[in-house]
Each structure stands twice: as C-alpha cells, then as structure tokens.
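Everything on this sheet refers to the single structure shown next.
Numbering of residues begins at 1 and proceeds along the displayed sequence.
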Amino acid sequence: MNAQMVFRGTPILRVRKEVGHLHYFDKDTALAALTECGFTVMESLYTFGGESHYSSVSYTLMKLPRRILASFFPHWTARVLGGFSLLVHAQVK
C-alpha cells in the first residue's frame with residue numbers, strides 16, 4: 001500500500017485482480033500487526049521489487065527513480081512511490 005495506489009485507485013484493483021487475495025499494509029501497520037500477534041520484531045528492511053513481472057510503461061519508467069530515492073529515503077520512497085516489499089526478521093515472544 002502506498003500513496004500512489006491510494007491516489008490513483010486503479011492499481012489497487014488491478015493488483016487485486018492479478019494477484020488475488022492481498023493484505024494492504026504500510027510498514028507501521030505491518031509491524032504493529034506482528035507485535036499484536038506475539039512477535040518481537042528484530043529488524044526490518046525494504047526489498048526492491050523493480051524486477052517484478054509488472055511491465056506497464058509507468059512501472060518501468062519509475063524503476064530508476066525508485067531505486068535512487070530509496071538509497072536516500074527508503075521509508076518515504078516506499079510509502080509514496082511503492083514498488084517495495086517489507087522483509088521482517090521477527091521472533092516469537
């Protein structure tokens with residue numbers, strides 16, 4: 001979930017149709033959900049999905065800006081532009 005998808009609306013529906021069952025989280029809500037389920041979050045990081053199977057023109061054009069901005073502002077870039085997954089290392093309490 002990112003600001004771009006919320007603003008445009010269509011990507012949410014397209015991804016849901018193509019991928020199927022989805023959960024829409026941002027970093028904060030994902031980590032909170034893990035904590036509420038009894039996990040201790042050790043660390044988390046964004047993984048770049050720039051090589052994914054999406055091939056739309058807009059997605060392809062945004063690969064380089066996403067990669068560059070993420071090296072300086074990873075949380076902001078993931079939140080606003082999307083294209084990332086959150087990888088979490090967590091342990092059961």
query: How would you list, by chain and number, every residue that makes a side chain to side chain contact (heavy atoms under 4.5 Å, CB included) with His75, sequence neighbours excluded?
result: Lys27, Asp28, Tyr46, Arg79
Distance, nearest 0.5 Å, that separates OG1 of Thr47 from CG of Leu86: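 These two atoms lie 8.0 Å from each other.
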query: Under a 4.5 Å cut-off applied to non-hydrogen side-chain atoms, are Phe48 and Arg67 in contact?
result: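 Side chain of Phe48 against side chain of Arg67, heavy atoms only: contact under 4.5 Å found.
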field: Working for side-chain contact (heavy atoms from CB on, under 4.5 Å), residues Met62 and Leu69
entry: CA-CA 11 Å; Met62 289 304 295; Leu69 288 170; over 6 Å; no
- prompt: If you group Ile, Leu, Val, Met, Phe, Trp and Tyr by side-chain heavy-atom gaps below 4.5 Å, do Leu81 and Phe72 land in one group?
  reply: yes
- prompt: If you look at every heavy atom in Phe84 and Ala78, which pair is closest and at what distance?
  reply: CD1-CA, 3.8 Å
- request: Give the other cluster members for Leu45, using side-chain heavy-atom distances under 4.5 Å between Ile, Leu, Val, Met, Phe, Trp and Tyr residues; answer none if it is isolated.
  value: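 Once heavy-atom contacts under 4.5 Å are chained together, Leu45 belongs with Leu87.
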message: I'd like to know if the side chain of Arg66 and the backbone of Thr77 have a donor-acceptor N/O pair within less than 3.5 Å.
response: no
